[in-house]
Amino acid sequence: MERALEVERRLAHRYSEASLALQFSSPLQLLVAVILSAQCTDARVNAVTPSLFARFPRVTDLARAPLDELEELVHSTGFYRNKAKTIRACCADLVARFAGDVPRSLHDLVSLPGVGRKTANMVLGNAYGIPGLAVDTHVKRVAGRLGLTEGDEAGDIERQLCDLLPENRWTAFSNGMILFGREVCTSRSPGCSTCPLVDVCVSA
DNA sequence: CTCCCGATAT
DNA sequence: ATATCAGGAG
């Protein structure tokens with residue numbers, strides 16, 4: 001399947017190597033930002049994280065943060081009760097089991113409350129430079145339309161895509177697919193008229 | 001499979 | 001009005 005490599009090459013040309021719309025300045029901040037990004041735009045997350053991290057700068061602060069205060073700070077991202085609870089529980093777990101550090105393995109990351117494969121791979125790739133291919137709603141949709149993957153299950157799609165690409169391209173690929181899915185191949189409209197991938201797409 | 005849930009584009 | 005948004009837990 002040469003098409004996957006061609007798609008990756010064009011996405012890499014279109015976007016810078018580690019292009020990510022979420023703002024963060026540490027692995028912990030990225031972890032929290034990705035938890036907040038569930039069913040929410042990155043712009044909305046970026047609007048709340050500065051005040052969140054100003055109020056609770058350290059992992060120990062987040063681990064002991066009053067729930068109602070946390071809920072208020074993340075309210076506009078939706079699912080705010082779950083997210084507040086999850087962030088606090090996750091940070092408490094980081095303190096209890098990992099000396100307050102964000103782990104560098106998929107196994108450990110996924111063991112944290114509120115952290116699934118998508119969040120774990122995002123942190124591995126973008127905070128640590130460890131190969132990780134995050135499959136979110138955009139990657140799932142765009143890869144399916146391009147004809148790179150079959151099926152609808154995220155874990156399945158992750159495996160298929162990882163098989164098609166070298167490890168050192170996994171993170172850039174998923175970052176690029178996500179931005180591309182936001183800008184061009186959106187859920188509402190594939191945008192084929194201005195798509196730079198029409199010639200390698202089975203759905204165009 | 002359902003629930004969590006506000007903000008935005010269409 | 002409604003579909004969708006960098007998901008994960010029970």
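Below, read A as the first sequence line, B as the second, and so on, with proteins coming before strands; counting in each chain starts at 1.
- At a threshold of 4.5 Å between non-hydrogen side-chain atoms, the residues Leu109(A) and Thr119(A) do not count as touching.
- Ranked by how close their nearest DNA chain C nucleotide is to the 5' end, Arg182(A) and Leu112(A) are led by Arg182(A).
- When the nearest nucleotides of DNA chain B are assigned to Asn82(A) and Arg44(A) by heavy-atom distance, the more 5′-ward of the two goes with Asn82(A).
- Atom CD of Gln39(A) is separated from atom C1' of dG6(B) by 11 Å (rounded to the nearest Å).
- Per the geometry, NZ belonging to Lys85(A) stands 17 Å off P belonging to dG8(C), to the nearest Å.
- For Thr41(A), counting side-chain heavy atoms from C-beta on, the closest listed nucleotide (dC5(C), dG6(B), dG7(C)) is dC5(C).
- Atom pair Glu153(A):CD and dG8(C):P shows a separation of 13 Å (rounding to whole Å applied).
- Regarding Asp136(A), its CG atom lies at a distance of 9 Å from the P atom of dC5(C), rounded to whole Å.
- When side chains are defined from C-beta on, Leu70(A) counts as touching Phe56(A), because their heavy atoms get closer than 4.5 Å.
- Side-chain N or O atoms of Arg3(A) include one that pairs as donor or acceptor with a backbone N or O of Gly147(A) at under 3.5 Å.
- Heavy atoms from other residues, nucleotides or ligands lying under 6.0 Å from CZ of Arg97(A) number more than 12.
- Residue contacts shown for Arg188(A) include a base, since a base heavy atom lies under 4.0 Å away.
- Atom CZ in Arg117(A) sits about 13 Å away from atom P in dA9(C), given to the nearest Å.
- At a threshold of 4.0 angstrom between heavy atoms, the contacts of Thr119(A) are confined to the sugar-phosphate backbone, with no base atom among them.
- Between the P atom of dC5(B) and the CD atom of Glu72(A) lies a distance of 15 Å, rounded to the nearest Å.
- More than 12 heavy atoms of other residues, nucleotides or ligands sit less than 6.0 Å from atom CD of Glu6(A).
- As judged by a 4.0 angstrom heavy-atom cut-off over every strand, Val45(A) is placed among residues making no nucleic acid contact.
- In this structure, Phe79(A) does not count as stacked on the base of dG8(C) under the 5.5 Å centre distance and 30° plane angle limits.
- Where Ile178(A) and Pro113(A) meet DNA chain C, the nucleotide closest to each residue was compared, and Ile178(A) sits on the side nearer the 5' end.
- Here Thr77(A) lies out of heavy-atom contact (under 4.0 Å) with every strand.
- Across all strands, Thr137(A) comes closer than 4.0 Å only to sugar-phosphate atoms, never to a base (heavy-atom distances).
- Between the P atoms of dT2(C) and dC5(B), the separation comes to 22 Å (whole Å).
- One interatomic measurement links the two molecules: CG of Asp42(A) to P of dG7(C), which rounds to 10 Å at whole-angstrom precision.
- Contact annotation for Ala134(A): no contact, since no heavy-atom pair falls under 4.0 Å across all strands.
- As a whole-Å value, the separation of Tyr80(A) OH from dC5(C) P is 23 Å.
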